[in-house]
Amino acid sequence: MASKLTSREADYSKWYNELVVQADLAQHSDVKGCMVIKPYGFAIWERMKDVLDQMFKDTGHVNAYFPLFIPKSYLSQEADHVEGFAKECAVVTHYRLKNAEDGSGVVVDPDAKLEEELIVRPTSETIIWKTYKNWIQSYRDLPLLVNQWANVVRWEMRTRLFLRTTEFLWQEGHTAHETSEEAVAEARKMLDVYADFAEGWMAMPVLKGIKTANERFAGALDTYCIEAMMQDGKALQAGTSHFLGQNFARAFDVKFATRDGGQELVWATSWGVSTRLMGALIMTHSDDAGLVLPPKLAPIEVVLVPIYKGEDQMAEIVTALNGIAGDLKAAGIRVKVDDDDTKRSGWKFAEYELKGVPVRLAMGPRDFAGGTIEVARRDTQTKEIIDAAGIVQHVKELLDTIQQSLFDRAAKRTKETTTRVDSWEEFLAALDAGGFVEAHWDGTPETEDLIKQETKATIRCIPLTENHESGVCIRTGAPSEQRVVFARAY
RNA sequence: CGGGGCGUGGCCUAGUCCGGUUACGGCGCCUGGUUUGGGACCAGGAGAUCGCAGGUUCGAAUCCUGCCGCCCCGACCA
């Protein structure tokens, strides 16, 4: 743990990987492309999960659980969907092992071949809609608002801790509605939930928009998304919400009796965020000293560190800190008193900075005698000595200040790196500088592909905010009615 | 799947070109002592089938052959 991080400037990618490992968030597992999420990292994910889960429930959703395995035939029922996912599916073909005849271990028993292979879910639309067929008969069964917390597997070529792993954790909402309008409204509502979570809890400003046809979810009519800007100028898709139209209802024959006695296909949405949000959180706020966490998601908001010489001093200072910790806890703050006598205080300071604990309180003999305490902010790396008597109120306000300040800092950076361009030269320069680039596009997938090929930039989204404005495509010069947002992305 | 790099105690690594006693060093770990307001110091200690399998040789971490795995860069993607 004594090592220093590579700086962001020197090698952003290396900085990220080292930070994830050294802050004890996750590590590579022995299984290629898969990671072990360590307790500290998982605690952050649990916070995210708890908050989101409550937000889903507050908007009328309930949780359920569907199988990990999907019969191969289900996946092929929706043509676009299977085309989108087929290339990255793990497939179960056998159900038994046996001892190898040469004694070298176990081998797959060829006699235990499955009649129909099972796909390890890359997403659950198919098995859920197959099930919904039996759940939905009438308009009275609608809307159906279900979410599941699960793991999924997508066999990607290249992986990165949290940002793209072969197996990842996520939630997927799958809803069924009576009308197209209602389904679109649901997709938009959940996008707002995601945006509120990102901004209000992660302190991460996001751009809400709609994906172009090229970037749309396989099987969706429309994909809404939130896009965030990372410190290295690359965009990260942080959440998606899909209007699926009647595609899955058609594929799985899910019809309902309408109010006027007819039969109609159900309208659908699906929406999800994943452990990728961990990557977003890390890359939005952290610095060269380590992780920086927004207080609202920090497993430990305040750490209290005693400084002492000898056992007597230790006893009295730890007692004082325990008292303060009790008061902070009573005020609803997540605290930890680190009275581990085998680690020195300086070591602890560095350790909690690396782990992104928002506020550190330190009390030494001088403070103890004078009734003061040292308050250190992780985000600004500043310290002040204050009167210990007013500590609870001070810390409460400080945590709010830090939460807001992290958002403001990220919002300022996102704004400053967003550029509006009207020519190809400006466009190229803006991309190299990093950040979002607002530009006109002729609306064709061909031009989008061409730009992607030439610059590695993709259209992150067509912003939802009204911004109709006539112009010409930066690449082809064809007329355009609206600017779209380009960026290089993760 | 293309291009590059790398496999040596838990982690990082020297040694490999040019084969030769007991495999260098650091971090971490254990014990004892001194320390403690920003990642302490001293002394002692434990811990390694040198990725795997063959081969060459009196002798292989080192040379040869085959295999496996991982990382990075690309294409693909949440």
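Every chain is numbered from 1 and lettered A, B, ... according to where its sequence line falls, protein lines coming before strand lines.
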Which whole-number value in Å describes the distance from [X] [atom1] to [N] [atom2]?
X	N	atom1	atom2	value
A:Arg378	B:rG38	CZ	C1'	14 Å
A:Lys87	B:rA78	NZ	C1'	14 Å
A:Tyr194	B:rA78	OH	C1'	11 Å
A:Ile373	B:rG37	CD1	P	17 Å
A:Gln381	B:rG38	CD	P	15 Å
A:Lys355	B:rG39	NZ	C1'	14 Å
A:Arg160	B:rC70	CZ	P	18 Å
A:Leu361	B:rG37	CG	P	18 Å

Select base, sugar-phosphate, or nothing to describe what [X] touches, counting heavy atoms under 4.0 Å on all strands.
X	value
A:Gln237	sugar-phosphate
A:Leu163	base
A:Asn17	sugar-phosphate
A:Tyr490	nothing
A:Thr165	base

Q: Show your reasoning for whether side chain to side chain contact (heavy atoms under 4.5 Å, CB included) applies to A:Tyr224 and A:Lys208.
A: CA-CA 7 Å; A:Tyr224 300 94; A:Lys208 285 191 271 191; over 6 Å; no
Under 4.0 Å from any atom of RNA chain B, heavy atoms only: list the residues of [range] that qualify, in numerical order.
range	value
residues 217-235 of chain A	none
residues 363-370 of chain A	A:Gly364, A:Pro365, A:Arg366, A:Asp367
residues 302-321 of chain A	A:Ile307, A:Tyr308, A:Lys309

Q: Verify ring pair (Phe, Tyr, Trp, His ring centres under 6.0 Å) between A:Phe56 and A:Trp271, making sure each step is shown before the conclusion.
A: CA-CA 11 Å; A:Phe56 299 155; A:Trp271 29 273; 5.2 Å; yes
Q: Hunt down the Watson-Crick or G-U wobble partner of B:rU31, both distances under 3.5 Å, from any strand shown, or write none.
A: B:rA43
**Q.** Base partner of B:rC70, which must satisfy Watson-Crick or wobble distances under 3.5 Å
**A.** B:rG5
Q | Minimum side-chain heavy-atom gap A:Trp129-A:Gln77 below 4.5 Å | A | no
Q: Please determine, for the side chain of A:His28, which listed nucleotide (B:rA78, B:rG39, B:rC71) has the closest atom?
A: B:rC71
Q) So which nucleotide from B:rA78, B:rA75, B:rG39 ends up closest to the side chain of A:Glu156? A) B:rA78
When the [atom1] atoms of [N] and [M] are considered, how many whole Å apart are they?
N	M	atom1	answer
B:rG9	B:rC72	C1'	26 Å
B:rC12	B:rU31	P	25 Å
B:rU57	B:rG20	C1'	12 Å
B:rA75	B:rA61	C1'	37 Å
B:rA46	B:rG25	P	14 Å
B:rC52	B:rG7	C1'	11 Å

Q. For A:Tyr352, is the NZ or CZ atom of A:Arg378 found under 6.0 angstrom from the centre of its six-membered ring and inside 45 degrees of the ring axis?
A. no
Q | Distance under 6.0 Å and angle within 45° of ring axis: A:Lys234 vs A:Tyr490 | A | yes
Q: Give a yes or no on whether a salt bridge exists between A:Glu454 and A:Arg475, defined as a side-chain N under 4.0 angstrom from a carboxylate O.
A: yes
Q. Do the charged groups of A:Lys57 and A:Asp53 touch, with an N to O distance under 4.0 Å?
A. yes
Q: Report yes if the distance between the aromatic ring centroids of A:Phe69 and A:Tyr74 is under 6.0 Å, otherwise no.
A: no
Q. Going by distance alone, is a donor N or O of one side chain under 3.5 Å from an acceptor N or O of the other, for A:Thr123 and A:Glu125?
A. yes
Q) side chain to side chain donor-acceptor pair (under 3.5 Å) with A:His242: which of A:Thr223, A:Asn247, A:Asp222? A) A:Thr223
Q. Does the base of B:rG37 carry an N or O that pairs as donor and acceptor with the side chain of A:Arg344 under 3.5 Å?
A. no
(Q) Distance criterion of 3.5 Å, no angle test: do you see the side chain of A:Lys383 paired donor-to-acceptor with the base of B:rG38? (A) yes
